[in-house]
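Everything quoted here is computed from the prediction, not taken from an experiment.
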Amino acid sequence: VQLQASGGGSVQVGGSVRLSCTSSESIMRSNAMGWSRQGPGSQRREVARLTSGGSRVYADPIEGRFTISADNNKNTVYLQINRLKLEDTGVYYCWGDFNKREWGQGTLVTVSS
């Protein structure tokens, strides 16, 4: 399985970004698809996941700034991030739980003031 992430870039505080992750395999074959972020000098941490049952799980659901979604026809998973903060800066990795966890190459989001 190959996962190709895209959509990162430089964004100002308060702005929005939509990340995409396209899978070489049908995402419907996965148990879950998700996104993790690795900030500067930090460990990689899960941000959001979408289960095969359609449940959306967020690391910080209270804020409500992250939305994970999928287009099964395109085998693509998206992560919309609104009201960006400086601490959202990092490399965002998509992943999928197929026979094992597969990782994409990451896409960099840089938030500046």
Side-chain angles (χ1 to χ4, degrees):
V1 179
Q2 293 186 348
L3 302 176
Q4 182 72 37
S6 62
S10 296
V11 191
Q12 289 193 323
V13 170
S16 299
V17 68
R18 188 176 82 154
L19 309 179
S20 301
C21 174
T22 300
S23 171
S24 61
E25 298 285 334
S26 171
I27 61 174
M28 296 181 70
R29 292 182 55 231
S30 71
N31 293 315
M33 301 290 298
W35 291 89
S36 296
R37 176 182 67 226
Q38 186 164 16
S42 302
Q43 291 185 331
R44 194 177 300 186
R45 298 182 61 186
E46 183 173 315
V47 173
R49 69 169 56 198
L50 178 62
T51 71
S52 58
S55 296
R56 293 170 170 78
V57 182
Y58 299 100
D60 191 350
I62 296 178
E63 273 200 320
R65 297 188 300 116
F66 296 80
T67 303
I68 188 170
S69 61
D71 185 332
N72 293 330
N73 292 326
K74 296 182 178 179
N75 291 324
T76 299
V77 178
Y78 304 97
L79 182 68
Q80 176 79 30
I81 313 174
N82 298 324
R83 305 190 303 280
L84 280 158
K85 302 179 178 181
L86 293 174
E87 52 263 42
D88 294 325
T89 292
V91 179
Y92 286 75
Y93 296 90
C94 67
W95 52 265
D97 286 343
F98 293 85
N99 292 325
K100 62 181 178 70
R101 178 157 292 189
E102 305 285 352
W103 290 91
Q105 88 286 5
T107 184
L108 176 63
V109 175
T110 302
V111 185
S112 59
S113 58

**Student:** For the residue pair M33 and I27, what are the closest heavy atoms and their distance?
**Tutor:** CE-CG2, 4.0 Å

**Student:** Distance from R29 atom CZ to S52 atom OG, nearest 0.5 Å?
**Tutor:** 13.0 Å

**Student:** Atom CZ in R101, atom OG in S30: separation rounded to 0.5 Å?
**Tutor:** 10.5 Å

**Student:** Closest approach of L3 and W103, non-hydrogen atoms and distance?
**Tutor:** CD1-C, 4.1 Å

**Student:** Which heavy atom of G8 sits nearest to which heavy atom of V109, and what is that distance?
**Tutor:** CA-CG2, 4.0 Å

**Student:** If only atom types and distance count, is the side chain of T51 paired as donor or acceptor with the main-chain N or O of A32 below 3.5 Å?
**Tutor:** no

**Student:** Checking side chain to side chain contact (heavy atoms under 4.5 Å, CB included) for the pair L50/S69: CA distance, chi angles, key distance, verdict?
**Tutor:** CA-CA 7 Å; L50 178 62; S69 61; 5.8 Å; no

**Student:** Does atom CG (N72) have a neighbourhood of more than 12 heavy atoms from anything else shown, all under 6.0 Å?
**Tutor:** yes

**Student:** Within 45° of the axis and under 6.0 Å from the centre of the six-membered ring of W95, does NZ or CZ of R44 qualify?
**Tutor:** no

**Student:** Flag the pair R45 / R37 as yes when at least one side-chain heavy-atom distance between them is below 4.5 Å, and no otherwise.
**Tutor:** no

**Student:** With a 4.5 Å cut-off on side-chain heavy atoms, are E25 and E102 touching?
**Tutor:** no

**Student:** Would one find more than 12 heavy atoms of other residues, nucleotides or ligands at under 6.0 Å from atom CD of Q12?
**Tutor:** no

**Student:** D88 and R65: which non-hydrogen atoms are nearest, and at how many Å?
**Tutor:** OD2-NH1, 2.7 Å

**Student:** What's the shortest heavy-atom distance between N82 and S16, and which atoms?
**Tutor:** OD1-OG, 3.0 Å

**Student:** Starting at OG1 of T107, measure out to CD of Q4 and round the result to the nearest 0.5 Å.
**Tutor:** 9.0 Å

**Student:** Counting C-beta onward and ignoring hydrogens, is there a side-chain heavy-atom pair between E46 and Y93 closer than 4.5 Å?
**Tutor:** no

**Student:** Looking at side-chain heavy atoms only, is the closest gap between Y78 and T67 below 4.5 Å?
**Tutor:** no

**Student:** Hey, are T22 and T76 close enough side-chain-wise for a donor-acceptor pair under 3.5 Å?
**Tutor:** yes

**Student:** Within the structure provided, determine whether V47 and S36 are in side-chain contact (heavy-atom separation under 4.5 Å).
**Tutor:** no

**Student:** Nearest 0.5 Å please: distance from the SG atom of C94 over to the CD atom of Q105.
**Tutor:** 7.0 Å

**Student:** Working to the nearest 0.5 angstrom, can you tell me the gap between S112 OG and L84 CG?
**Tutor:** 10.0 Å

**Student:** Contact between W35 and V77 at the side-chain level, heavy atoms closer than 4.5 Å - yes or no?
**Tutor:** yes

**Student:** Please answer: with hydrophobic residues joined when any side-chain heavy atoms are less than 4.5 Å apart, are Y58 and L19 in the same cluster?
**Tutor:** yes

